[in-house]
Amino acid sequence: MELIQKTPDLSAYLAVDEVIDHDHPVVREVAARLAREAVDSYAYARLAFEFVRDTIPHSQDSGDLRVTWRASDVLEQGTGICYAKAHALAALLRAEDIPTALCYQKFDVVHGLVAVRFNGAWHRQDPRGNKPGVDAQFSLDGERLAFTPDPESNEMDYPVLYAEPHPAVLSVLKAAPDRPYLWKTLPTAL
């Protein structure tokens, strides 16, 4: 699948906004801590991915009822669903000048992930969090995502790379008072 930048200007994939708030002190502190452990930008990207995947539980898996959507809130509260975890990872990567896009897959509902740009190409990564049957890994040599769509079941990869969260995703996150409510309103398509 060919990934398509929605915004041609690569600098948009480094930008700060209300969701990918990598200028926030919490994001800056985590990024600085991870950067001290990394020998280069590839190592940093892997460390940031593993940090979000492994230390911030997916709220469905952990039973956490809180809904987070802003990157700094995800890092501060230590919880989020796939979209929120993607926002946190995007913020950590952008904080270290690694172009990062938000992208999506369609299953029963829309699933969120990121794409990082290295060596002139985009590489999708899924920081959702591993559990039995899910083994997402950071990879620049072929995708190691949490889930693979089945086209016969009307599942798909969306090829568009967004600099900001898709409006359908962001609106349901912002409107949800808790995760059970969010689960009833998740988008089923983009």
Side-chain angles (χ1 to χ4, degrees), residues 3 5-7 9-62 64 66-104 111-130 134-141 143-146 161-166 169-170 173-174:
L3 298 173
Q5 282 182 219
K6 184 174 192 304
T7 306
D9 183 359
L10 194 59
S11 68
Y13 299 93
L14 292 167
V16 171
D17 61 35
E18 101 174 294
V19 179
I20 314 298
D21 59 343
H22 60 84
D23 58 346
H24 190 282
V26 169
V27 178
R28 299 299 314 159
E29 185 277 322
V30 173
R33 184 166 23 101
L34 294 171
R36 283 192 295 275
E37 300 174 30
V39 296
D40 58 24
S41 61
Y42 300 104
Y44 175 83
R46 179 183 306 278
L47 286 170
F49 169 84
E50 291 172 351
F51 176 83
V52 173
R53 182 195 65 191
D54 298 343
T55 66
I56 299 172
H58 188 287
S59 58
Q60 174 69 19
D61 296 347
S62 68
D64 197 317
R66 295 174 292 170
V67 175
T68 54
W69 53 269
R70 184 178 287 119
S72 57
D73 293 340
V74 174
L75 295 174
E76 196 166 52
Q77 296 179 37
T79 191
I81 68 166
C82 61
Y83 312 130
K85 291 182 68 158
H87 300 164
L89 179 55
L92 290 172
L93 294 170
R94 289 182 185 186
E96 291 296 314
D97 294 322
I98 298 170
T100 307
L102 299 167
C103 48
Y104 304 93
H111 175 61
L113 28 122
V114 303
V116 296
R117 189 161 178 91
F118 279 111
N119 299 323
W122 289 101
H123 306 273
R124 294 190 310 163
Q125 312 294 328
D126 190 343
R128 181 228 179 271
N130 290 339
V134 176
D135 184 28
Q137 301 294 323
F138 183 84
S139 176
L140 302 178
D141 299 320
E143 294 185 337
R144 304 271 314 271
L145 305 177
L161 301 174
Y162 297 89
E164 300 171 343
H166 191 283
V169 167
L170 190 55
L173 286 171
K174 285 182 164 185

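Small disclaimer: the values here were computed from a predicted structure and weren't measured.
The aromatic rings of Tyr104 and His166 sit perpendicular to each other, their planes meeting at more than 60°, with 30° as the lower class boundary.
Side-chain contact between Leu92 and Phe49 is absent, with no heavy-atom pair separated by less than 4.5 Å. The shortest distance between side-chain heavy atoms of Asp21 and Val26 does not fall below 4.5 Å. The shortest side-chain heavy-atom distance between Leu113 and Arg128 does not fall under the 4.5 Å cut-off. His58 places a side-chain heavy atom less than 4.5 Å from the side chain of Ile81. At a threshold of 4.5 Å between non-hydrogen side-chain atoms, the residues Leu34 and Glu96 do not count as touching. Within the 4.5 Å cutoff, no side-chain heavy atoms of Val116 are placed close to those of Arg94. By the 4.5 Å heavy-atom criterion applied to side chains, Phe51 and Pro127 are not counted as neighbours. Counting only heavy atoms from C-beta outward, the side chains of Leu102 and Ile20 approach each other to under 4.5 Å.
Partners of Glu164 by side-chain contact (heavy atoms from CB on, under 4.5 Å), not counting sequence neighbours, listed by chain and number: Asp17. Looking at residues two or more places apart in sequence or on another chain, you find a side-chain contact (heavy atoms from CB on, under 4.5 Å) between Asp40 and Tyr42, Ala43. Residues forming a side-chain contact (heavy atoms from CB on, under 4.5 Å) with Asn130 (at least two apart in sequence, or on another chain): Arg53, Val134, Asp135, Ala136, Gln137.
Rounding to the nearest 0.5 angstrom, the gap separating the CZ atom in Phe118 from the CG atom in Leu93 is 7.0 Å. In this structure, CZ in Arg124 is found 12.0 Å from OG in Ser139, a value given to the nearest 0.5 Å. Once rounded to the nearest 0.5 Å, the distance linking NE2 of His87 with OG of Ser72 reads 12.0 Å. Rounding to the nearest 0.5 Å gives a distance of 8.0 Å between OH of Tyr13 and NZ of Lys6. One distance of note links OG1 of Thr79 with CG of Asp73; it measures 11.5 Å at 0.5 Å rounding. In this structure, Asp97 CG and Ser11 OG are separated by 11.5 Å, a value rounded to the nearest 0.5 Å.
Nearest heavy-atom pair across Val19 and Pro165 is CG1-CG, 3.6 Å. Between Ile98 and Ser41 the shortest heavy-atom distance is CD1-O, 3.7 Å. Nearest heavy atom pair, residue Val114 against residue Ala86, reads CG1-O, 3.4 Å. When all heavy atoms of Phe138 and Arg46 are compared, the pair lying nearest together is O-NH1, 3.4 Å. Across all non-hydrogen atoms, the minimal contact from Leu14 to Pro99 is CD2-N, 3.5 Å. Heavy-atom minimum distance, Leu161 versus Ala115: CD2-CB, 3.7 Å.
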Mind running side chain to side chain contact (heavy atoms under 4.5 Å, CB included) on Leu10 and Gln5 for me, showing each step along the way?
-> CA-CA 8 Å; Leu10 194 59; Gln5 282 182 219; 4.1 Å; yes
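At a threshold of 4.0 Å, the pair Arg33-Glu37 does not count as salt-bridged, since none of the basic side-chain nitrogens sits closer than that to a carboxylate oxygen.
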